[in-house]
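Only this structure's heavy atoms are used, side chains among them; waters, hydrogens and symmetry mates stay out. Because the structure is a prediction, the values reported are computed rather than measured.
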Amino acid sequence: MSKKKLGWIAPAVIAALLSTGVPASAATTIFVEENATAQVVEVISDSALALESAVPFTELFVANPEIADISSISGTTLYVLGKQPGRTTLMLIRDDNTIISTIDIRVSPDVTELTRRLSEVLPNEAIEVLSANDGLVLSGTVSSQEVVSRALEVAGHYAQGRISNLLNVQIQEPEPVVQPIPVAVKEEIEPVDPAVVEAQIRAILPDEPVAVHDVGGTIVLSGSVSSQERAQQALQIARLVAEGTEVSNLLTVSEVKNCTIRTRRGGEMIETDIPCGKS
C-alpha cells in the first residue's frame with residue numbers, strides 16, 4: 001500500500017512555480033513511493049500541486065493532457081496542473097523504461113470559489129454547492145425561479161454542461177380566508193441515512209464504487225459504474241432502501257476510449273494516441 005506524505009516545496013521551487021502563474025496551493029508536495037499503483041491525487045481545476053518521487057525519473061506520461069498537464073522541476077520533482085474536471089492517469093518512468101509508479105489524477109471544479117461567487121451575486125439566498133464526479137450539484141431553497149436561473153448561469157462558468165439542479169423555489173402561501181378544516185396529521189418520514197443506502201448497494205454490487213449523499217433531503221447517487229444495467233440496479237436498490245425519499249441518479253458509465261499520451265524525452269514533447277481505461 002502506498003503512503004502519502006505532505007510537506008512544503010523548497011523556496012527555489014516555489015519561485016519556479018510562481019513564475020509560471022501557478023496558484024499558491026501548488027506549495028503542497030505529495031510524496032510518491034516506488035511501485036505505488038493505487039495512489040490517488042486530487043487537484044482543483046486551475047490549481048496545481050507538486051509530486052516528489054522516491055527515485056529519479058526520466059519520462060512522464062499523462063493519459064489525457066486536456067484534464068491535467070505536467071511539468072518536471074527536477075529529476076525527482078514535478079508539478080501537476082488541473083485544467084478541467086475529470087480523471088486521468090500519470091506514470092513515472094525510469095531510465096530503463098520501467099514504471100516507477102502509477103497515479104490516479106482526479107481534477108474537480110473549484111467549489112470554494114463558486115460558493116463565494118454565488119454569495120456575492122445572490123447574497124440573500126442559501127445555496128449549497130457539492131462536487132459530484134466531474135460536475136457540480138446546486139441544492140437549497142431559493143426565493144424565485146429567477147434566482148434558480150441566475151445561480152445556474154453563474155455555476156455554468158465553472159462546470160459548463162455538468163450542473164445538476166436540486167434547487168427548490170419557496171412557495172408563498174396566501175393567508176387563509178376561512179377557518180381550515182381539521183385534517184389528520186401524517187406521520188413524518190424519518191430521514192434516511194445515506195451510509196445505510198451505500199452499504200446495501202456495496203453488499204449487492206461490491207465491485208461498483210457508488211457514493212451516496214444526502215443533499216437537502218434527497219438521496220444522491222454518484223460515481224462511475226461499469227454498465228448502464230449496474231447503474232439501474234444501484235438506483236433500484238437505493239429506492240427500495242430509501243422508500244418514500246426522493247432519489248437522484250448522477251451515476252456515470254465508464255467507457256474505454258483513446259487517450260493522448262504526452263511523453264517528454266529530453267526537451268522534446270511527443271504525443272501518441274493509445275487506448276486507455278477510465279478517465
With a 4.5 Å cut-off on side-chain heavy-atom distances among I, L, V, M, F, W and Y, is there a chain of contacts connecting Val196 to Ile204? yes
Leu152: side-chain contact (heavy atoms from CB on, under 4.5 Å) partners, not counting sequence neighbours: Leu138, Val148, Ile163, Asn165
How close do Ala151 and Leu167 get, counting heavy atoms only, and between which atoms? CB-CD1, 4.1 Å
Separation between CZ of Arg106 and CD1 of Ile67, rounded to the nearest 0.5 Å: 12.0 Å
Which donor-acceptor pairs under 3.5 Å do the side chains of residues 119-130 make with protein atoms, sequence neighbours left out?
{"unit_1": "Ser119", "atom_1": "OG", "unit_2": "Arg116", "atom_2": "O", "d": "2.6"}
{"unit_1": "Glu120", "atom_1": "OE1", "unit_2": "Arg117", "atom_2": "NE", "d": "3.4"}
{"unit_1": "Glu125", "atom_1": "OE1", "unit_2": "Ser143", "atom_2": "N", "d": "3.1"}
{"unit_1": "Glu125", "atom_1": "OE2", "unit_2": "Ser143", "atom_2": "OG", "d": "2.6"}

Here the pair of heavy atoms bringing Leu250 nearest to Ser164 is CD2-OG, 3.1 Å
Measure the spacing between CD of Gln170 and OG1 of Thr141 and express it to the nearest 0.5 Å. 7.0 Å
Just wondering, do Ile105 and Glu42 contact through their side chains at under 4.5 Å, heavy atoms? no
Counting only N and O atoms by type, is there a donor-acceptor contact under 3.5 Å from the side chain of Thr252 to the main-chain atoms of Gly223? yes
Answer yes if Ile100 and Leu90 sit in the same cluster of Ile, Leu, Val, Met, Phe, Trp and Tyr residues linked by side chain heavy atoms under 4.5 Å apart, and no otherwise. yes
Walk me through whether Thr76 and Glu52 qualify under side chain to side chain contact (heavy atoms under 4.5 Å, CB included). CA-CA 6 Å; Thr76 58; Glu52 181 71 24; 2.9 Å; yes
Pair Val137, Leu166 - check side chain to side chain contact (heavy atoms under 4.5 Å, CB included), show working. CA-CA 7 Å; Val137 178; Leu166 295 181; 3.6 Å; yes
So do the side chains of Leu51 and Leu49 get within less than 4.5 Å of each other, counting heavy atoms only? yes
Mind checking the OG-CG spacing from Ser71 to Leu78? Nearest 0.5 Å is all I need. 8.0 Å
Using side chain to side chain contact (heavy atoms under 4.5 Å, CB included), reason through Val41 and Asp104 one step at a time and then give a plain yes or no. CA-CA 6 Å; Val41 172; Asp104 184 11; over 6 Å; no
Any heavy-atom pair between the side chains of Tyr79 and Ile70 that's under 4.5 Å? no
Any donor-acceptor pair under 3.5 Å linking the side chain of Thr88 with the backbone of Asn64? yes
Can you find a pair of side-chain heavy atoms, one from Asp96 and one from Thr58, that are under 4.5 Å apart? no
Heavy-atom pair of closest approach, residues His157 and Glu153: CD2-O, 3.2 Å
If two hydrophobic side chains count as joined below 4.5 Å and joins carry through other members, does Leu205 share a cluster with Leu240? no
Counting distance only, does the side-chain N/O of Ser248 pair as donor-acceptor with the main-chain N or O of Val220 below 3.5 Å? no
Shortest non-hydrogen separation from Ser45 to Pro109 and the atoms involved: OG-CA, 3.8 Å
Considering only residues two or more places apart or on different chains, which pairs with a residue in residues 66-86 satisfy salt bridge (Lys or Arg N to Asp or Glu O under 4.0 Å)? Asp69-Arg262
Glu198 side, atom CD; Ile237 side, atom CD1 - distance, nearest 0.5 Å: 12.0 Å
Student check: side-chain heavy atoms of Ser72 and Phe57 closer than 4.5 Å: yes
Taken in chain and number order and not counting sequence neighbours, the residues that satisfy side chain to side chain donor-acceptor pair (under 3.5 Å) with Ser74 are Thr77
Specify the closest pair of heavy atoms between Ala155 and Leu136, including all atoms of both residues, with the distance to one decimal. O-CD1, 4.5 Å
Using 0.5 Å steps for rounding, measure from the OG1 atom of Thr98 to the CG atom of Asp95. 7.5 Å
Consider only side-chain N and O atoms of Ser101 and Gln39, and report whether a donor and an acceptor are under 3.5 Å apart. no
About how many Å separate CD1 of Ile99 and CZ of Arg94, when rounded to the nearest 0.5 Å? 9.0 Å
Indicate every side-chain donor-acceptor pair of residues 227-234 with a distance under 3.5 Å to a residue at least two apart or in another chain.
{"unit_1": "Ser227", "atom_1": "OG", "unit_2": "Arg230", "atom_2": "N", "d": "3.2"}
{"unit_1": "Arg230", "atom_1": "NH1", "unit_2": "Glu208", "atom_2": "OE2", "d": "3.1"}

Which atom of Val197 lies closest to which atom of Ala242, heavy atoms considered: CG2-CB, 4.4 Å
Within one Ile-Leu-Val-Met-Phe-Trp-Tyr cluster: Leu81 and Ile44, side-chain cutoff 4.5 Å: no
Does Phe61 form a side chain to side chain contact (heavy atoms under 4.5 Å, CB included) with Ile93? I'd like the steps, not just the answer. CA-CA 8 Å; Phe61 293 86; Ile93 309 297; 3.0 Å; yes
Strictly distance-based, threshold 3.5 Å: is any side-chain N or O of Thr115 a donor or acceptor partner for the main-chain N or O of Val111? yes
Side-chain donor-acceptor pairs of residues 210-217 under 3.5 Å, sequence neighbours excluded:
{"unit_1": "Asp214", "atom_1": "OD1", "unit_2": "Gly217", "atom_2": "N", "d": "3.0"}

